[in-house]
Amino acid sequence: MNVNKLKGLMAECGHNQKDVSEYLGISTYGFRLKMNGTHEFKASEIKKLADFYNVSVDYFFSPNIAKIATKNKNIAVFSSESEVVRRGG
């Protein structure tokens, strides 16, 4: 999981580690260990984060999925160097 994407979402929403760890139901210390790469996020935690921030789970894993790829908009934006391709429903 790309924690930098999570950090960006947290900053945009004004959330700190305590806020997000409480939402996930884990300790702040445990959350910190996951954020610094010592421990891995569980699949269920990643799903909760995606729901909380209204993004697809894929957003946290692919460098090619932009933030606009939210599950509510049904749009995915993929970039390949300077090319942008849009799919929508």
Side-chain angles (χ1 to χ4, degrees):
M1 179 175 150
N2 184 336
V3 295
N4 288 326
K5 288 190 172 190
L6 176 55
K7 287 178 185 178
L9 291 171
M10 290 171 61
E12 281 182 33
C13 295
H15 296 151
N16 59 35
Q17 289 185 353
K18 183 178 183 220
D19 298 330
V20 180
S21 65
E22 285 177 359
Y23 175 76
L24 292 176
I26 61 176
S27 69
T28 304
Y29 177 71
F31 184 76
R32 195 173 322 128
L33 291 174
K34 293 174 189 229
M35 290 297 285
N36 71 22
T38 303
H39 292 150
E40 300 267 336
F41 281 93
K42 295 178 185 176
S44 60
E45 293 167 339
I46 296 168
K47 172 72 171 110
K48 283 179 90 171
L49 289 168
D51 290 345
F52 187 63
Y53 287 109
N54 198 33
V55 297
S56 68
V57 171
D58 294 340
Y59 173 75
F60 292 115
F61 294 96
S62 176
N64 299 328
I65 296 180
K67 185 171 174 261
I68 194 170
T70 63
K71 61 183 180 177
N72 288 342
K73 293 183 181 176
N74 196 25
I75 297 172
V77 177
F78 302 91
S79 62
S80 170
E81 295 175 349
S82 63
E83 181 181 346
V84 175
V85 178
R86 295 176 188 260
R87 291 186 304 156

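Because the structure is predicted, anything quoted here is derived from the model rather than measured.
Counting only distance, with no hydrogens or angles, the side chain of Asp51 and the backbone of Lys48 share no donor-acceptor pair below 3.5 Å.
Judged by a 6.0 Å distance limit and a 45° cone about the ring axis, Lys34 is positioned over the six-membered ring of Phe41.
Of the inter-residue distances, the one linking Lys47 atom NZ with Phe60 atom CZ reads 11.0 Å to the nearest 0.5 angstrom. Distance check, rounded to the nearest 0.5 Å: OH of Tyr23 to OH of Tyr53 gives 9.5 Å.
Of all non-hydrogen atoms in Ile46 and Met1, the two that sit nearest each other are CG1-SD, 3.6 Å. In plain terms, the two heavy atoms of Ser56 and Ala50 that are nearest each other are C-CB, 4.0 Å.
In terms of the ring-ring contact (aromatic ring centres under 6.0 Å, His included) criterion, Phe61 has no residue partners (sequence neighbours excluded). Taking the side chain to side chain contact (heavy atoms under 4.5 Å, CB included) definition, one finds that Thr28 meets it with Gln17, Lys18, Ser21, Arg32, sequence neighbours left out. A search for side chain to side chain contact (heavy atoms under 4.5 Å, CB included) contacts involving Thr38 returns Leu33, Asn36, not counting sequence neighbours.
The neighbour count for Glu40 CD, taken as heavy atoms of other residues, nucleotides or ligands under 6.0 Å away, does not exceed 12.
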Let me see the working for Met35 and Met10 under side chain to side chain contact (heavy atoms under 4.5 Å, CB included), right down to the final yes or no.
CA-CA 12 Å; Met35 290 297 285; Met10 290 171 61; 4.2 Å; yes

Evaluate ring pair (Phe, Tyr, Trp, His ring centres under 6.0 Å) for Phe52 paired with His15, printing each intermediate quantity in order.
CA-CA 11 Å; Phe52 187 63; His15 296 151; 5.1 Å; yes

Go through Leu49 and Tyr59 one step at a time and tell me if the side chain to side chain contact (heavy atoms under 4.5 Å, CB included) criterion holds.
CA-CA 11 Å; Leu49 289 168; Tyr59 173 75; over 6 Å; no

Verdict with reasoning, Lys5 to Val55, per side chain to side chain contact (heavy atoms under 4.5 Å, CB included)
CA-CA 11 Å; Lys5 288 190 172 190; Val55 297; over 6 Å; no

